[in-house]
S.K.: 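Have a look at this one before I ask anything.
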Amino acid sequence: MADAGWRGIFAGRGTGAGGLDGGPGLGLTGPYAALPGPSWKGRAFGALFFVGALVCLGLAAYNAAHAAGLAGRHGTVTVQSCWVEQGSRNSSDTTVCSGTFRPDDGSRPVPDAQVSRELRQGQRIEVSQSANGFLPTGFREIWRWNALFFFGWIVAGLGVPFAATGIFPGRAQAVAVGDRIRGTRAAVVMKYLFLGGGAGTAVCLYMIWVL
């Protein structure tokens, strides 16, 4: 029944080449004979991309709302000191600056408020206090988080072929799995996720560079 549900969402327009109804597109003959058959592992692999996309979308929406002044407690931080935190093998170093946060509502200041940005000592920056710390505000920051939002579309698009076919690919087989959905509605969904996500990310990066 689960497979029937997936077929209802991602099924092709027929049973010809590239279809998902047992035609040559999913058969075990031809150039893709080495690919494994559909299984729950393939569906789960595709679902992991969807979960990653949701994390990107949620994080982007939450932080963009704070950067736009729609959420959080607003105020300013005057930088007193900065230092560099060493990154791991897979991440770069991060510059962190610290100062006193003074809320716009006149409430008690917060000492040692840390902002992950490369700033100058004595510089004053507008921030919004969130559950995760202090986030800089402004148009540039909004576009920064919008870029993450559209990147989530691309992540979701990467999971479509595996969720649609149920195939868990081996090494160097991911492209072949993508070819399996050619000519289906799943391919259309993947296409627009890639196009929309790529175009949106490019526009956001351009706005970050301009501002």
Side-chain angles (χ1 to χ4, degrees), residues 44-160 163 189-190 192-211:
F45 188 57
L48 284 177
F49 285 95
F50 298 154
V51 171
L54 288 176
V55 171
C56 290
L57 299 180
L59 185 63
Y62 177 83
N63 289 332
H66 284 77
L70 301 177
R73 189 167 61 145
H74 312 294
T76 59
V77 170
T78 302
V79 177
Q80 297 173 344
S81 62
C82 293
W83 63 92
V84 176
E85 294 186 347
Q86 301 296 324
S88 62
R89 178 180 300 178
N90 299 321
S91 62
S92 58
D93 297 344
T94 302
T95 300
V96 180
C97 293
S98 174
T100 300
F101 171 68
R102 301 186 183 281
D104 291 342
D105 58 11
S107 56
R108 179 182 298 179
V110 179
D112 196 28
Q114 297 182 4
V115 181
S116 298
R117 287 292 183 274
E118 188 172 348
L119 305 170
R120 301 184 308 274
Q121 187 173 4
Q123 183 176 351
R124 186 179 180 184
I125 181 174
E126 294 185 358
V127 299
S128 178
Q129 186 178 18
S130 69
N132 300 320
F134 297 89
L135 298 173
T137 60
F139 287 109
R140 194 170 191 271
E141 298 298 324
I142 295 173
W143 285 109
R144 185 191 301 272
W145 294 113
N146 284 346
L148 179 62
F149 178 84
F150 285 108
F151 178 74
W153 292 27
I154 299 176
V155 175
L158 292 173
V160 169
V189 172
M190 183 176 66
Y192 283 108
L193 284 173
F194 281 154
L195 289 177
T201 302
V203 171
C204 292
L205 293 177
Y206 173 76
M207 295 303 298
I208 293 172
W209 178 70
V210 169
L211 294 175

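The analysis underlying the following values was restricted to heavy atoms, covering all of them including side chains, and did not include hydrogens, waters or symmetry mates. Everything numeric here is computed off the predicted structure, so don't read it as measured data.
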S.K.: Has Trp83 got more than 12 heavy atoms of other residues, nucleotides or ligands less than 6.0 Å from its CH2?
M.R.: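 Enclosed: over 12 neighbouring heavy atoms sit under 6.0 Å from CH2 of Trp83.
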
S.K.: Could you tell me if the side chain of Val155 sits less than 4.5 Å from the side chain of Phe50, heavy atoms only?
M.R.: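 No, their side chains stay 4.5 Å or more apart.
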
S.K.: When you compare the side chain of Leu148 with that of Leu59, does any pair of heavy atoms fall below 4.5 Å?
M.R.: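 Yes, at least one pair of side-chain atoms sits under 4.5 Å.
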
S.K.: Can any side-chain N or O of Gln121 pair as donor or acceptor with the backbone N or O of Gln80 at less than 3.5 Å?
M.R.: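 Side chain of Gln121 to backbone of Gln80, a donor-acceptor pair under 3.5 Å: yes, one is there.
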
S.K.: So Phe149 and Cys204, do their side chains get closer than 4.5 Å, heavy atoms only?
M.R.: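 Contact flag for Cys204/Phe149 side chains = no.
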
S.K.: So, Arg102 side chain and Pro109 main chain: donor-acceptor pair closer than 3.5 Å or not?
M.R.: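 No, because the side chain of Arg102 does not come within donor-acceptor range (under 3.5 Å) of the backbone of Pro109.
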
S.K.: Any side-chain donor paired with an acceptor under 3.5 Å for Arg73 and Ser107?
M.R.: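 Indeed, the side chains of Arg73 and Ser107 share at least one donor-acceptor pair under 3.5 Å.
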
S.K.: With a 4.5 Å heavy-atom cut-off, do His66 and Trp145 have their side chains touching?
M.R.: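 SC-SC contact between His66 and Trp145 ruled out.
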
S.K.: Under 4.5 Å between any side-chain heavy atoms of Val160 and Leu193, yes or no?
M.R.: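 Touching, per the 4.5 Å side-chain cut-off.
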
S.K.: Take atom CD of Glu118 as the centre, draw a 6.0 Å sphere, and report whether it contains more than 12 heavy atoms from other residues, nucleotides or ligands.
M.R.: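 Counting neighbours around CD of Glu118, 12 or fewer heavy atoms of other residues, nucleotides or ligands fall under 6.0 Å, so no.
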
S.K.: Parallel, tilted or perpendicular: which describes the rings of Tyr206 and Trp209, with under 30° parallel and over 60° perpendicular?
M.R.: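 It falls in the tilted class, 30° to 60°.
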
S.K.: Does CZ belonging to Phe101 count more than 12 external heavy atoms closer than 6.0 Å?
M.R.: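 Counting other residues, nucleotides and ligands, CZ of Phe101 exceeds 12 neighbours.
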
